[in-house]
Structures are given as C-alpha cells and as structure tokens.
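As the structure is a computational prediction, the values presented were derived from the model and not from experiment. Order of listing sets the numbers, starting from 1, for every ligand and every atom in it. Any value given below was found using the heavy atoms of this structure, including those in side chains, with hydrogens, waters and symmetry copies removed.
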Amino acid sequence: MSFESDLPHNNQELYSRACQLIPGGVNSPVRAFKSVGGVPFFTSRGEGAYLFDEEGNKYVDYIQSYGACILGHGDSRVAAAISSAAKNGTTFGTPTLAEVELAELIVDRVEGLEMLRLTSSGTEATMSAIRVARGFTGRDKILKFDGCYHGHSDALLVAGGSGVASLSIPDSVGVPMSAISDTVVAPYNKLPELDDSFAAVIVEPIAANMGLVAPGPGFLEALRKRCNENGIVLIFDEVITGFRVGYGGASGLFGIIPDMWCFGKVIGGGLPIGAFGGKREIMQRLAPEGPVYQAGTLSGNPIATAAGITVINLLEETSYETLKDTAAKLTSGLREVFAAGGIPAQVPQVSSLVGLFFGDLQVTNYASAKESVGLGLYEKFFHGMLDQGIALAPGPYEAIFPGLSHGQRELDRTLEAATKVVSNLH
Ligand SMILES: *Cc1c(COP(=O)(O)O)cnc(C)c1O
C-alpha cells in the first residue's frame with residue numbers, strides 16, 4: 001500500500017456514518033464485507049487497474065465494478081464521451097440517435113440477435129426478458145439454475161448466487177411464494193427435465209456468480225436442443241459475459257445461439273444500463289408493437305449510451321486476445337503460487353474470466369462451490385491480498401475480472417502478493 005496524501009477520511013468512520021443512514025452502509029449488499037469480515041474501504045477514485053480509497057491506499061482492482069469496467073477506471077475516451085453527451089442534456093424522453101447506434105453495434109456483433117431494447121440495469125433486462133418470453137409462449141413456468149444470478153426481481157430471486165449466496169439467504173424475505181411458484185430451480189451443468197409447460201429457461205452460459213463455473217462439455221448444446229424440442233425460449237443471461245468473453249459474447253464463443261439475450265455491465269461503459277433482445281418474432285411482442293408492457297423513464301439514457309458506444313467501439317477482436325492472454329497469465333501464475341505453497345486450490349479460467357476455489361473438489365455447480373467456500377479460506381486470502389494492495393471481490397462467489405488496463409506490472413504485483421499471502425494461509 002502506498003499513501004498518496006494526507007486525505008482527511010478514515011474508512012471506519014465513513015462506514016459508521018454510512019451505516020446510520022444506509023442499511024448496512026451500502027447500496028448493494030456484497031460491498032459491506034459481511035462474508036469476509038472487516039470494514040469496507042471507500043473508493044475516492046479509480047485510474048486504470050487501480051483504485052484509491054479515502055485514506056489514500058492504492059489497490060490493484062480485480063472487482064472492476066463486478067465486470068462493468070473492461071477498459072479500466074477513468075478512461076479518458078469514455079470520460080470525454082460522457083462529458084460531451086452531458087453538455088447536450090442528460091435525458092429527454094424522446095428517441096435519440098445514440099440509442100439506435102448502440103443497438104446497431106450490439107446486434108452487429110451478436111450472431112442471431114435481431115432486435116433489442118435498452119433498460120437501466122441488468123435486473124430490468126432479465127425481468128423483462130422473462131415477461132416477453134411468457135407473453136410470447138403463453139406459458140408461465142420458467143427454469144433457472146442453482147447458483148446463477150439474474151438480478152433481484154422476485155421471480156428470479158431463488159437460489160441466486162453472488163451477494164445472495166454470500167449472505168446465505170436461500171430465498172429473500174419479502175419475496176412471496178406466489179412470485180416464485182412458477183420458477184423451477186435445477187442444478188447447473190446437468191440437463192434438466194423440461195416439457196412444453198415451460199415458457200423459458202434462463203442461464204448464465206458461463207456461470208460467474210457462484211465463483212466461476214464453466215459450462216461442461218455438451219451442457220449448453222443439450223439445453224439448446226431440449227428447448228427447441230419443447231418450444232421453450234432459451235435465454236442467455238450475458239450481463240457479465242457479453243462483450244467480455246469474446247467479440248460476440250458467450251454465444252459467439254461457444255457457437256450456440258439462444259432465442260434471447262440479456263446484457264448489462266460492459267455495454268454501459270460503467271453507467272447504469274441493461275439490454276434484452278432476441279429473435280424478431282419474440283421482441284415484436286413488446287409494447288407498443290405487441291401486448292407485453294415494458295418501459296423506463298431513463299431507458300436508453302443519452303449519457304449511458306454515449307459511454308456504451310465508446311467502449312464497444314474500442315473493443316476489437318484483438319482486445320479479446322489481450323484479455324484472454326492477461327487472464328491466462330493470472331491463472332497460471334496463481335496456480336503455481338498455490339501449488340508451490342501447498343494450498344489445494346482451483347483457478348478456473350474461461351476466456352477473460354478467472355475464478356478461485358479452495359480445496360480439491362472439482363467445482364461444477366453451486367453445491368460443489370458451496371463446499372469449497374465452506375473451507376473458509378477465501379476470507380483469509382482476501383484480507384491478506386487486500387493488506388498487500390490487491391483488491392479482490394469481498395465475497396467468495398464473485399469472479400475475478402482482469403481487464404485491458406491490467407498489464408504485466410499489475411500481474412507481477414498480484415502474484416508477488418499472493419506468494420506472501422499463501423505462505424501464511426496454513
Ligand atoms: C450483475 C448481473 C445481473 C444484474 O444486473 P444489475 O445491473 O446489477 O441489475 C444479472 N445477471 C447477471 C449474470 C449479472 O452478473
């Protein structure tokens with residue numbers, strides 16, 4: 001850790017102040033450090049791969065806003081786009097050119113995607129995708145996978161991973177049974193029983209909210225086939241994987257085309273955004289063309305679309321080679337560190353995404369992820385790394401997000417820190 005200047009704040013004091021007014025001191029639960037213990041740091045600014053907190057500590061950041069940032073923090077090109085958009089007005093409630101441009105950019109890159117609508121968050125995207133799939137099929141039942149997170153709408157807040165998993169709340173209080181009575185939950189990486197009573201199957205094509213769990217060989221193909229056989233809308237929730245794991249997202253990476261997609265995070269360049277889309281015949285069921293209602297005052301917001309367009313335009317085919325290469329170096333480096341330190345751990349990697357599970361057990365679904373987390377090593381590793389100036393997500397079910405701003409220097413620092421931390425893990 002280095003100390004930039006004598007900033008007047010103290011994380012503990014800020015946290016106490018926050019806790020007076022904001023439940024748990026945070027506006028999204030995982031930020032509160034509950035599953036790792038201790039006091040969260042308050043970020044004052046970010047620069048590339050680095051975060052600086054209000055005390056002046058500097059961290060190599062692998063949270064990257066849980067995947068919303070891919071270029072790194074404070075990118076000058078994105079900042080310029082935001083500032084020039086803002087000068088022209090921040091929201092109008094009329095259609096704008098930028099919305100059309102962003103839609104074109106997304107549709108161009110994602111094979112099979114024909115129409116889409118922008119929202120203000122990933123939660124709205126998945127919630128709306130479910131509604132239009134139900135409207136399209138005239139069926140109510142949906143299937144989701146254990147440990148996959150699809151935002152916090154009622155019907156999808158069953159067996160979610162991510163922050164929900166960290167808090168060990170199987171289902172949130174406040175979600176009525178009636179809201180989830182049509183939601184069936186099945187284990188990830190196993191072809192579920194399906195029939196023609198299901199409207200939709202929603203899946204993270206690479207599960208990144210129960211730690212990082214790759215789809216097993218044939219899993220997504222079999223799911224695609226079974227949905228076809230039963231007229232079920234297959235929804236890929238690519239809120240994390242879209243524009244992160246490849247030029248055409250996870251569907252492009254695996255060559256499997258769902259009926260619908262959900263996006264968020266990367267496509268807003270760090271501003272609030274989401275999108276859902278799919279086949280024309282499905283999306284045309286949406287109001288005002290069809291009878292399925294969905295709306296948003298700030299949907300397609302000019303600042304968010306300006307940032308999104310800028311980021312997507314900066315992501316070229318070669319960017320994904322760079323991202324994957326960085327992720328591979330981090331993965332192999334961490335594997336070596338754990339092996340040398342005699343700590344059983346798995347460091348999964350899928351394209352640009354990296355995960356970390358302690359223990360010997362092969363993690364393929366939420367049940368095995370929970371067993372690994374139960375070993376209780378993540379919190380020790382997390383705090384050790386944080387003390388060395390490396391910020392991982394404060395929860396064992398989150399992915400590690402190396403981005404385009406993480407270079408050799410940051411990787412070296414990370415592995416050096418990990419070596420020290422692992423030697424104290426016994
Ligand atoms: C983050 C996330 C969401 C929810 O997006 P928000 O913008 O937080 O509402 C949905 N699905 C997946 C896979 C996510 O990772």
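- Here the two rings, on Phe219 and Tyr188, have centers that are under 6.0 Å apart.
- Applying the ring pair (Phe, Tyr, Trp, His ring centres under 6.0 Å) test to Phe198 and every residue at least two apart in sequence or in another chain returns nothing.
- Applying the salt bridge (Lys or Arg N to Asp or Glu O under 4.0 Å) criterion to Glu229, with sequence neighbours excluded, gives Lys225.
- Figure legend: Arg285 and Phe136 shown without cation-pi pairing, the cationic atom not lying both under 6.0 angstrom from the six-membered ring centre and within 45 degrees of its axis.
- Residues passing the side-chain hydrogen bond (donor to acceptor under 3.5 Å, both in side chains) test with Asp195, sequence neighbours excluded: Ser197.
- Protein residues with a heavy atom closer than 4.0 Å to ligand 1 are Ser121, Gly122, Thr123, Tyr149, His150, Gly151, Glu204, Asn209, Asp237, Val239, Ile240, Lys265, listed by chain and number.
- Between Phe381 and Phe338, the distance from one ring center to the other falls under 6.0 angstrom.
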